[in-house]
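Below is one structure, written out as structure tokens, with a few remarks after it.
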Amino acid sequence: MPKDAPLNSGALLEAGPVGPRQRVSEMQAKLHRWAVADPGRRFDDLFNLVHDPATLIVAFDRVAGNRGARTPGVDGLTAADVEERFGVPGFLDGLRAQLRQGSFRPLPVRERKIPKPGGSGKVRRLGIPVIADRVVQAALKLVLEPVFEADFKPVSYGFRPKRRAQDAIAEIHFYGTHGYRWVLDADIAACFDEIDHVALMDRVRMRIKDKRVLALVKAFLKSGLLTELGEHQETFTGTPQGGIISPLLANIALSVLDEHLHRAWEPDGELSTSGRRERRGAKGLPSWRLVRYADDFVVLVKGTRQDTEALREEIAQVLAPMGLRLSEAKT
């Protein structure tokens with residue numbers, strides 16, 4: 001398909017005897033296949049897929065099955081309340097109508113602070129969206145994730161299909177016993193709070209052309225926050241930790257790091273990845289491996305401490321345009 005070619009969204013979610021889950025799965029498989037086949041393609045006409053009845057049904061099922069389904073947003077409603085008061089079909093019909101008419105507006109997320117693990121006394125700030133916003137975010141994720149998964153590098157493991165924290169740990173153990181003796185253990189300071197919206201949207205636009213989808217993503221970024229003290233705060237940066245689409249947006253932002261550190265080992269037809277590493281080693285130059293799980297990552301280095309410290313400075317420069325910085329205390 002040519003770049004920027006409009007989708008036939010009707011063909012992606014054809015009406016038929018199959019259930020919503022299968023229809024959505026087939027739609028995702030097609031989007032992913034097209035994204036892999038044409039890395040430069042920008043997708044248009046995705047909005048119809050977001051508000052398609054099948055997408056919204058699957059999205060609601062995921063929201064209702066989530067551990068946080070019993071936690072209300074600023075409107076005080078849980079998933080069970082929605083089912084009892086409105087009924088799922090009526091609720092989704094109303095939500096679909098709002099989306100199609102362009103009248104849908106996300107509500108501010110409700111701030112909730114929870115203790116960080118480890119007994120440090122520090123807290124993690126979550127943003128809890130209302131159920132309607134969670135469903136739309138889940139629908140967006142169903143449509144966007146297969147496109148961006150085509151571009152994500154194999155070095156990231158957090159909040160991605162068929163990838164687990166155990167896989168990341170296994171990679172670290174493997175490289176740690178195969179000559180990678182220096183480790184940069186990095187922590188990004190307040191990653192979910194400080195991602196630059198302009199830089200993030202620029203990266204989303206690299207793959208998405210549909211203005212209605214872009215406007216919806218931006219609306220969630222700008223939805224605001226209702227603090228535990230009842231004060232309303234605007235959100236100029238970040239994507240709320242607790243939002244269903246936030247991990248995907250964080251991975252889109254942090255893929256700048258994955259791409260930068262992985263670029264040196266991309267095969268170019270002349271020399272394989274292992275060949276490049278061997279050639280650098282013969283010249284006394286370092287090699288490295290990145291293993292990232294969401295905003296936590298390590299860089300394992302086959303080289304010297306000085307090589308590792310140089311990579312730390314390089315990484316800081318790569319993250320800066322995204323509004324992100326390494327935590328001095330935790331890196």
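Keep in mind the model is a prediction, meaning the values are calculated, not measured.
- Classification of the His51-Phe47 ring pair by plane angle, with boundaries at 30° and 60°, yields perpendicular.
- Looking only at side-chain heavy atoms (C-beta outward), Ile315 and Leu261 come within less than 4.5 Å of each other.
- Looking at Asp307 and Thr304, their side chains do bring a donor and an acceptor atom within 3.5 Å of each other.
- Contact check for Met27 versus Val143: side-chain heavy atoms found under the 4.5 Å cut-off.
- In this model, no donor atom of one side chain and acceptor atom of the other lie less than 3.5 Å apart for Gln317 and Glu313.
- A continuous path of Ile, Leu, Val, Met, Phe, Trp and Tyr side chains, each step under 4.5 Å between heavy atoms, connects Val147 with Phe152, placing both in one hydrophobic cluster.
- For the pair Pro53 and Arg96, the tightest heavy-atom approach, listed with the atom from each and the gap, is CD-NE, 3.4 Å.
- Atom CZ of Arg212 is surrounded by more than 12 heavy atoms from other residues, nucleotides or ligands within 6.0 Å.
- Within a 6.0 Å radius of CD in Glu234, no more than 12 heavy atoms belonging to other residues, nucleotides or ligands are found.
- The pair Glu26-Arg33 fails the salt-bridge criterion, with no side-chain N (NZ, NE, NH1 or NH2) lying under 4.0 Å from an Asp/Glu carboxylate O.
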**OP:** Show your working on salt bridge (charged side-chain N to carboxylate O under 4.0 Å, His left out) between Glu149 and Arg160 and close with a plain yes or no.
**Re:** CA-CA 8 Å; Glu149 272 293 320; Arg160 293 184 60 189; 2.9 Å; yes

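- For Arg21, the CZ atom is loosely surrounded, since the number of other residues' heavy atoms within 6.0 Å does not exceed 12.
- Note that CG of Leu56 and CG of Leu142 are 9.5 Å apart. Values are rounded to the nearest 0.5 Å.
- A continuous path of ILVMFWY side-chain contacts below 4.5 Å connects Ile172 to Tyr175, so both sit in one hydrophobic cluster.
- Under the 4.5 Å side-chain heavy-atom criterion for ILVMFWY residues, a single connected hydrophobic cluster contains both Ile245 and Phe104.
- At a threshold of 4.5 Å between non-hydrogen side-chain atoms, the residues Asp196 and Met201 do not count as touching.
- The structure places CG of Asp295 at 11.5 Å from CG of Leu257, a figure rounded to the nearest 0.5 Å.
- The environment of Arg280 atom CZ is dense: over 12 non-hydrogen atoms of other residues, nucleotides or ligands sit within 6.0 angstrom.
- In terms of heavy atoms, Ile114 sits closest to Leu126 at CD1-CD1, 3.8 Å.
- The aromatic rings of Phe159 and Tyr293 are tilted relative to each other, their planes meeting at an angle between 30° and 60°.
- Note: Leu311 CG to Leu300 CG = 11.0 Å, rounded to the nearest 0.5 Å.
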Original post:
Passes side chain to side chain contact (heavy atoms under 4.5 Å, CB included), Val50 versus Asp210? Steps please.
Top reply: CA-CA 11 Å; Val50 174; Asp210 191 321; over 6 Å; no

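- Hydrophobic clustering of Ile, Leu, Val, Met, Phe, Trp and Tyr side chains at less than 4.5 Å, counting indirect connections, keeps Val130 apart from Val136.
- Nearest heavy atoms, Glu83 versus Ala64: OE2-CB, 4.2 Å.
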**OP:** List the steps, then state whether side chain to side chain contact (heavy atoms under 4.5 Å, CB included) holds for Asp185 with Thr331.
**Re:** CA-CA 6 Å; Asp185 182 8; Thr331 301; over 6 Å; no

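- No more than 12 heavy-atom neighbours from other residues, nucleotides or ligands sit within 6.0 angstrom of CZ on Arg70.
- Looking at Phe43 and Leu144, their side chains never come closer than 4.5 Å, going by heavy atoms from C-beta outward.
- Residue His232 qualifies as enclosed at atom NE2: its count of foreign heavy atoms under 6.0 Å is above 12.
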Original post:
Does the pair Arg305 and Glu309 meet the rule for a salt bridge (charged side-chain N to carboxylate O under 4.0 Å, His left out), with working shown?
Top reply: CA-CA 6 Å; Arg305 180 185 182 115; Glu309 290 173 344; 3.0 Å; yes

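- Considering only heavy atoms from C-beta on, Asp81 stays 4.5 Å or farther from Phe86 through its side chain.
- The line from CD1 of Ile208 to CZ of Arg41 is 10.0 Å long, rounded to the nearest 0.5 Å.
- Minimum heavy-atom separation, Val135 to Ala59: O-CB, 3.4 Å.
- In plain terms, the two heavy atoms of Pro108 and Leu226 that are nearest each other are CB-N, 4.2 Å.
- Summarising the geometry, atom CZ belonging to Arg292 is positioned 14.0 Å from atom CD belonging to Glu171; distances are rounded to the nearest 0.5 Å.
- A cation-pi arrangement is found for Arg277 relative to Trp265, the charged atom lying closer than 6.0 Å to the ring centre and inside a 45° cone about the ring normal.
- Taken to the nearest 0.5 Å, the CZ atom of Phe220 stands 5.0 Å off from the CG atom of Leu216.
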Original post:
Hey, mind stepping through Asp202 and Arg205 against salt bridge (charged side-chain N to carboxylate O under 4.0 Å, His left out) and telling me if it holds?
Top reply: CA-CA 5 Å; Asp202 284 346; Arg205 285 189 192 92; 3.2 Å; yes

Original post:
side chain to side chain contact (heavy atoms under 4.5 Å, CB included) between Gln28 and His32: does it pass, once the steps are laid out?
Top reply: CA-CA 6 Å; Gln28 290 181 306; His32 183 72; over 6 Å; no

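- When side chains are defined from C-beta on, Pro154 counts as touching His262, because their heavy atoms get closer than 4.5 Å.
- Counting heavy atoms from C-beta outward, Met322 and Arg203 have side chains that approach closer than 4.5 Å.
- The 12-atom threshold is not exceeded at CZ of Arg62, counting heavy atoms of other residues, nucleotides or ligands nearer than 6.0 Å.
- Sparse packing is recorded around NZ of Lys211, with 12 or fewer heavy atoms of other residues, nucleotides or ligands lying under 6.0 Å away.
- In the hydrophobic clustering of ILVMFWY residues, with side-chain heavy atoms under 4.5 Å counting as a link, Val256 and Leu324 come out together.
- You'll find the side chain of Leu221 reaches within 4.5 Å of the side chain of Leu249, heavy atoms only.
- Counting all heavy atoms, side chain and backbone alike, Ala189 lies closest to Glu194 at O-OE1, 3.8 Å.
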